Structure formats: structure tokens, C-alpha cells
Number of protein chains: 2
Amino acid sequence: MQPGAAADEPERTFIETARRAQIAAAAIDTIAELGYAGASFARISERVGISRGLISYHFADKDDLMRQVVHQAAEEAISYIRPRVLAESTGPGMLRAYIESNLAFMRDHRNNVIAMIEIARSAEGRRSYHDDTAVVNAVRALEHALSGFQTAGQFRPDFDPHAMAIAIRAAIEAASPLLASDPEFDIDSYSRQIVAIFDLATRADDTP
Amino acid sequence: MQPGAAADEPERTFIETARRAQIAAAAIDTIAELGYAGASFARISERVGISRGLISYHFADKDDLMRQVVHQAAEEAISYIRPRVLAESTGPGMLRAYIESNLAFMRDHRNNVIAMIEIARSAEGRRSYHDDTAVVNAVRALEHALSGFQTAGQFRPDFDPHAMAIAIRAAIEAASPLLASDPEFDIDSYSRQIVAIFDLATRADDTP
DNA sequence: TAGATTTCTGGTCATGCAGCCAGGAGCGGC
DNA sequence: GCCGCTCCTGGCTGCATGACCAGAAATCTA
């Protein structure tokens, strides 16, 4: 399905699969709570109730663990967002559904999103996940969809889909730290505002 | 001028002031190159050509250094952006000048901006700079300006200035990692696109 | 010049980290 | 019972870090 990922299945035991998922889940919560730098093997294993060594047993190294975390978090997000977007038929409808479902998923699964963003940020310098990270893919997919509906005449023809996709993703991702630190922050209200902003920004001319 | 900052001047020598500025400047470049985590005292002092101990001599601890870095970087950015915004008289004009001058400053002083964002991000968990950090202040100031011109009728009356300010800042800050990692990224083109997006999103109804 | 003060160096320390490893525990097959 | 395998523990190593410190060097004072 996804090119470049999981070329050869490593033949995993039931327990191994379960442990990997369990450890990755704990890593997600730990990263969300303490940031990428604070998510040491010691901290993660403590949360699960296992020894530090067990993480090294089930994962080749920290990169391996982080790849699993991103995969796991992205999987859940995509399976939530995709059907909601595909249920729409028009470009503007899909864009609205995209923004709304992204922010709704964030509201209900904050840790997953924080972890993804945190990893993407912290791994930025090195060549690692950055290339096919969920966040980067999200921009690409969004850009492609915008471009398609733009040529179909459902969006204003004179915006750059790449810049628009970046701005939309940025507005979505900006909600993450606010959710964490600002108790006043109303994500549902924010969602409506962002939908309105980008509806106006992408709307095709109605009055020719 | 700025409430809450620099309550008591610590009576600094000329050399001390110069060294602090020099070390902070090196820290900015180091953070921009290697990220917050990679900016150790050893790395920073190496860049300046001094011993590690000298940083500890001039700064109480790492937080003290980071506060100086943010202060120094923000000072420069504000002195660049403020006059360009104030040169405009209308709300839309100021918004355009705000976005343009922010991105232009980023283009020409990438390291300052990267360092500010990196510090704000990495210090997020702890209670440190986050409260009166330049980034947070930037959102507040922008929100206030938007709100003012909105009640003056120069902007669409039915958007939330807070959400709009967050979206604008997010679009501006999203340019930072792209500048660093994507050689294809054209920040001037991006600037025009973002100006257009938020002009459409804030524009008052012309056709009543 | 002599002494005091500021500025600076490089070594040392405790801490926290990822990864490695010797061995133990549990459990199935035979 | 006892091998063989998977699963797991906790100690260890080597490394990087921020902070501390004793004292050297430079600069100023008188």
C-alpha cells in the first residue's frame, strides 16, 4: 500500500507485536508529556512497568522505536480523517471536512498528534523520518487535492496549492501547543474560524 | 518599556556586556545549525574560540543564556518589523506589511528566527520563557491590532481576532523549517501567497 | 612595582543517556 | 526430567552534558 515502507515483514511473534505496540503507546504519552528530549528509555519503560532492556530487545534502536510511534499514531489519525473527507464530494466540502476532522482528531487524541509533531521537529536536523514523515506526507496529499479541485474550477485559480497547503497545515498544527498549555483555548470554535478563513481564501469567484 | 523584564540592572562591565552579546550570538548560530539539543556549552564556546567555563562565568546557567538569546534575537526582529508596519495607515496595509516584513526578516536573518522558535519549542514543558516569549507576545500584539481595525470597520466583523492571529503567526512560522530544509522553497513567492490568503480572509464586504 | 580585581582556562564531578550483555525465568516439546 | 527457545531483567560501559572550582593570566589601581 504505502511505498517505501515495510518492504520485508520481519516475521513477528504475537507477544512481540503486542509489546511493540504497547511500548510505542507509552512512548507517545511520554513524548506528549515530557517532549522528545524527555522521552528516554528509562522514562518510557517506567510507564509500561518493564525494564529498560526490554525496549532494546524489541527495537533495534531509538530510531526504530520512533518510526513505530509515528507509524502507529499516523495510522490512527488517517483512519479517522480519511472517511470523513471522502464522504464529501465537492472541493470546498472536502477542505472543510479535512480541517474539521483534523482538529476533532486532535481534540480527542491529543497525545498522538503531539508525538508526531514533536518527533518530526526533533528529527529535523538528521536525515531520518523527515522524508516520509506523516506530517510531510500530509502537506503533499493536501496540496495534490487542492491542485486537483483548482483545475476543476472549484477553487480560485490564482493561488499556489503548495503555499496554501502549508498555511492550512500550519493553522491545524498550531492548535497542538495551545491545547496543551492554554486552558482557555476552545478548539471547536477555532475549528470553525479556520474553516471560514480558508473557505474565503480558496473560494472561486461567484460574481463574474 | 517592557513590563516584567529587567527589573533590576545587574551593573555590567563593558567587557561583560560585550561577551554576553558575543556568546549569545554564537548560541543563535549554533541553535540554528544543530537545534536546541545540539547547542551545548562546548559547541557554543568552540564557535567563539573561548573555553567552556567562560560561559558559566558570564551566565548563571543555561536558562540565563537562553533568555539573553531570545531577548537579543527579538530585539533585532522588532526593530526591523515595527517601523515597516507603522508606516502603513490602513488595517489591510498594516497586515500586509506585517506579513511581508516578518518573512523578509526571516529570509535575511534566518538564524535569529530559528533560534527563537527552537527555544520556545524546547522550553515548552517547563515554566520558563514561554509566558513572555517573543512568539507569544507576537500573537497577542497581532491579535490586538486586528481587533482594533476590526471594530473600526476595516476588517470583516465576523472573525475571531485570536484565531486569526494564531493562523497568521502559524503561516509565518511555518516558513522557518522550509527555509532550512527545502532548497526549492521560494520565500518571496510564499510571502505574496500568504498576504493574498489573509487579505481575502480578513477583507470587509465590499459589495453590500 | 606591588597588590587587588576582573577575566579566563581547563580539569573534575555528578548526572543522564542509549546500547550491550550475561544470565535468569517461564514454557513448550519430547 | 531436561533441553531449547522466547521473553525479560538489571548491571555495566562509554559518552555527552551543565555546573563547579582552583588557579593562571590579564588588567587596573595606587
Side-chain angles (χ1 to χ4, degrees), chain A residues 9-28 30-31 33-70 115 118-119 122-123 125-129, chain B residues 9-28 30-31 33-70 115 118-119 122-123 125-129:
Chain A
E9 284 280 322
E11 281 283 4
R12 297 233 168 78
T13 322
F14 171 76
I15 287 188
E16 198 167 2
T17 306
R19 274 285 193 228
R20 281 175 65 94
Q22 185 193 28
I23 291 168
I28 288 174
T30 309
I31 291 171
E33 189 176 323
L34 304 167
Y36 180 86
S40 64
F41 282 10
R43 232 88 77 137
I44 295 167
S45 63
E46 189 188 2
R47 189 179 292 255
V48 185
I50 56 175
S51 69
R52 288 146 287 139
L54 194 54
I55 298 181
S56 295
Y57 176 73
H58 285 293
F59 295 92
D61 53 11
K62 206 174 187 185
D63 268 19
D64 191 22
L65 171 58
M66 290 306 143
R67 250 175 278 124
Q68 170 79 11
V69 167
V70 170
E118 195 76 16
I119 292 173
S122 301
R126 286 149 285 148
R127 200 18 114 240
S128 287
Y129 340 89
Chain B
E9 285 280 323
E11 281 282 5
R12 297 233 169 80
T13 323
F14 170 77
I15 287 188
E16 199 167 2
T17 306
R19 275 284 193 228
R20 281 176 66 94
Q22 183 194 27
I23 291 168
I28 288 174
T30 308
I31 291 171
E33 189 176 324
L34 303 167
Y36 180 86
S40 64
F41 281 11
R43 232 89 76 139
I44 295 168
S45 63
E46 188 187 2
R47 189 178 291 257
V48 185
I50 56 175
S51 69
R52 288 147 289 138
L54 194 55
I55 298 182
S56 295
Y57 174 73
H58 285 292
F59 294 92
D61 52 13
K62 206 175 186 185
D63 268 20
D64 191 21
L65 171 57
M66 289 306 142
R67 251 174 279 124
Q68 169 79 13
V69 167
V70 170
E118 194 76 16
I119 292 173
S122 302
R126 286 149 285 147
R127 197 25 109 241
S128 287
Y129 340 89

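Please read all numbers here as calculations on a predicted model, not as lab measurements. All chains are named by letter (A, B, ...) in the order of the sequence lines, taking the proteins before the strands, and each is independently numbered beginning at 1.
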Begin from the C-alpha positions of B:Thr17 and B:Phe14 and carry the test side chain to side chain contact (heavy atoms under 4.5 Å, CB included) through to its verdict. CA-CA 5 Å; B:Thr17 306; B:Phe14 170 77; 5.9 Å; no
Residue set satisfying side-chain contact (heavy atoms from CB on, under 4.5 Å) with B:Ala42, at least two apart, ordered chain then number -> B:Ser40, B:Arg52
Rounding to a whole Å, what distance do you find between [X]:[atom1] and [N]:[atom2]?
| X | N | atom1 | atom2 | answer |
| --- | --- | --- | --- | --- |
| B:Leu54 | C:dT7 | CG | P | 10 Å |
| B:Ile55 | C:dT9 | CD1 | P | 10 Å |
| A:Ile44 | C:dG19 | CD1 | P | 11 Å |

In B/S/- notation (B base, S sugar-phosphate only, - none; protein heavy atoms under 4.0 Å), nucleotides 11-18 of chain C written 5' to 3' is BB----SS
For the [atom1] atom of [X] and the [atom2] atom of [Y], what is their distance to the nearest 0.5 Å?
| X | Y | atom1 | atom2 | answer |
| --- | --- | --- | --- | --- |
| A:Asp63 | A:Ile119 | CG | CD1 | 10.0 Å |
| B:Arg20 | B:Arg12 | CZ | CZ | 3.5 Å |
| B:Ile23 | B:Ile50 | CD1 | CD1 | 4.0 Å |

Bounded by its outermost nucleotides with an atom under 4.0 Å from a heavy atom of chain B, the footprint on DNA chain D reads D:dT17 to D:dA19
Applying side chain to side chain donor-acceptor pair (under 3.5 Å) to A:Gln22 and not counting sequence neighbours gives A:Arg19
Sorted by chain and number, sequence neighbours left out, side chain to side chain donor-acceptor pair (under 3.5 Å) with B:Arg47 holds for B:Thr30, B:Glu33
In terms of heavy-atom contacts, A:Ser45 and A:Ser51 come closest through CB-O, 3.7 Å
In terms of heavy-atom contacts, A:Leu65 and A:Ala24 come closest through CD1-CA, 4.2 Å
Stepwise side chain to side chain contact (heavy atoms under 4.5 Å, CB included) check, B:Phe41 with B:Lys62: CA-CA 8 Å; B:Phe41 281 11; B:Lys62 206 175 186 185; 3.6 Å; yes
Residues of residues 13-28 of chain B with a heavy atom under 4.0 Å from any atom of DNA chain D, listed by number, are none
